Amino acid sequence: MEPAPSHAGPPPPPTHVAIIMDGNGRWAKARGLPRTAGHKRGAEAVRRTVEAAREMGVSYLTLYGFSSENWKRPAGEVSDLMGLLRLYLRSEVAALHKNGIRLKVIGDRNRLGADIVRLIDEAEAKTAANVALTLVLALSYGGRQEMVEATRRIAADVAAGRLAPDAIDEGVVAGHLFTAGIPDPDLIIRTSGEQRISNFLLWQGAYAELVFMETLWPEFGRAELENAIRDYHGRDRRYGATK
Ligand code: IPE
Ligand code: IPE
Ligand code: MG
């Protein structure tokens, strides 16, 4: 490929960056602290990353905060995480709104506490018209569960005679996912050295570029986001075609 002409300026950032925020527990353990201390520091990394993404001109930032499978953790850790989520929603939404950020939550809300669901509903309504950045929080989220739920709703439409089986195409499936209307992620980052997807955006991430880094989530910030985006810009996205 020919180098881009120098007057072109820096390449635009990926439209949609998604992050598997991993390593809070190991960060705490390495310091002899309880896991909760890692989650608390993780919430600060969320703040930094949201701010950096907005300033860099990213349009969608999806953060994997709690998976369907994380409900298997000890009750004490789950309630600490829910407490932090409550705190985040109570204390950050005003700042998100002020900065023009729209909040959207994807995942199974039925398993979240009623007060948390109310905070989410309020935050989504308050920030619905904002356009600077869409922050998507994946909470109680699993890609397989999302596809099962979508399948059920599509099947119900077919059973009710509203949809012909032959009319089911990729657009119909995508339109029944939690992420309907949100473009697929261009870049998926995972911190903490683990190299797996852990049930995150299984459908949507079909052609995402993957960047794995050793940094533990509590240490993540602007520089790490910039590094991952630099890696991304070095990739050649072919989508199965020749070039
Ligand atoms: C990520 O950190 C946060 C959540 C999954 C909620 P972990 O809690 O998974 O930290 P490690 O992987 O044990 O270090
Ligand atoms: C993935 O991290 C989920 C989130 C970051 C919210 P986990 O720590 O739960 O994933 P595994 O268990 O290592 O695959
Ligand atoms: Mg983990």
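Whatever order the structure lists ligands and atoms in, that order sets their numbers, starting from 1. What's counted below: heavy atoms across the whole structure, side chains too, no hydrogens, waters or symmetry copies. Just so we're clear, the structure is a prediction, and the values are computed from it rather than from any experiment.
Using 4.0 Å as the threshold, Lys29 has no heavy atom nearer than that to any atom of ligand 1. In this structure, Ser192 falls outside the shell of residues with a heavy atom less than 4.0 angstrom from ligand 1. In this structure, Glu194 falls outside the shell of residues with a heavy atom less than 4.0 angstrom from ligand 2. Within the structure, the closest approach of Arg190 to ligand 2 falls below 4.0 Å when heavy atoms are considered.
The contact set between ligand 2 and Arg196, taken as ligand atoms under 4.0 Å from a residue heavy atom, comprises 11 (P), 13 (O), 14 (O). If you number the atoms of ligand 2 from 1 as listed, the ones under 4.0 Å from a heavy atom of Met21 come out as 5 (C).
Among the atoms of Phe66, none of the N or O lies under 3.5 angstrom from an N or O of ligand 1. Polar contact with ligand 1: present for Arg26 (N/O pair, distance under 3.5 Å). Any N or O atom pair closer than 3.5 Å counts here, and Asp22 shares at least one such pair with ligand 2.
Given atom 10 (O) of ligand 1, the protein heavy atom at minimum distance is Gly25 N, 2.9 Å. Among all non-hydrogen protein atoms, the one lying nearest atom 14 (O) of ligand 2 is Ser198 OG, 2.6 Å. Scanning all protein heavy atoms for the shortest distance to atom 13 (O) of ligand 1 gives Arg35 NH2, 3.0 Å. In terms of protein heavy-atom proximity, atom 2 (O) of ligand 1 is closest to Asn24 N, 3.2 Å. The shortest contact between atom 6 (C) of ligand 1 and any protein heavy atom is with Gly65 O, 3.4 Å.
The aromatic rings of Phe66 and Trp71 stand perpendicular to each other, their planes meeting at an angle above 60°, with 30° marking the opposite boundary.
Taking 4.0 Å as the cut-off between side-chain N and carboxylate O, Arg230 and Glu224 do not count as a salt-bridged pair. A salt bridge links Asp186 with Arg237; the closest basic N to acidic carboxylate O contact falls under 4.0 Å. Between Arg152 and Glu149 there is a salt bridge, with a side-chain nitrogen of the basic residue lying less than 4.0 Å from a carboxylate oxygen of the acidic one. For Arg54 and Glu51, the salt-bridge test passes: some basic side-chain N is under 4.0 Å from an acidic carboxylate O. The pair Arg102-Glu124 does not meet the salt-bridge criterion, since no charged nitrogen lies less than 4.0 angstrom from a carboxylate oxygen. With salt bridges taken as basic N to acidic carboxylate O contacts below 4.0 Å, one links Asp121 and Arg109. Ion pairing between Arg26 and Glu194 holds under the 4.0 Å rule for side-chain N and carboxylate O.
For the Mg ion (ligand 3), the set of protein N/O/S atoms nearer than 2.8 Å consists of Asp22 OD1, ordered by chain and number.
Under 4.0 angstrom from ligand 1, the non-hydrogen atoms of His39 all belong to its side chain. Here Arg73 has side-chain heavy atoms under 4.0 Å from ligand 1, and that is the only part of it that gets that close. Contacts between Asn70 and ligand 1 below 4.0 angstrom, taking non-hydrogen atoms only, involve the side chain exclusively.
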Evaluate the criterion side-chain contact (heavy atoms from CB on, under 4.5 Å) for residue pair Leu137 and Lys104; output intermediate values, then yes/no. CA-CA 6 Å; Leu137 292 182; Lys104 179 165 172 57; over 6 Å; no

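Counting heavy-atom neighbours within 6.0 Å of Arg144 CZ, excluding the residue itself, gives a total of 12 or less.
Within the 3.5 Å criterion, the main-chain N or O of Ile101 finds no donor-acceptor partner in the side chain of Asn99. Judged by distance alone, with hydrogens and angles left aside, the side-chain atoms of Thr127 form a donor-acceptor pair with the main-chain N or O of Leu103 at under 3.5 Å.
Side-chain contact between Ile197 and Arg190 is absent, with no heavy atoms from C-beta onward closer than 4.5 Å.
Rounding to the nearest 0.5 Å gives a distance of 8.0 Å between CD1 of Ile20 and CG of Leu201.
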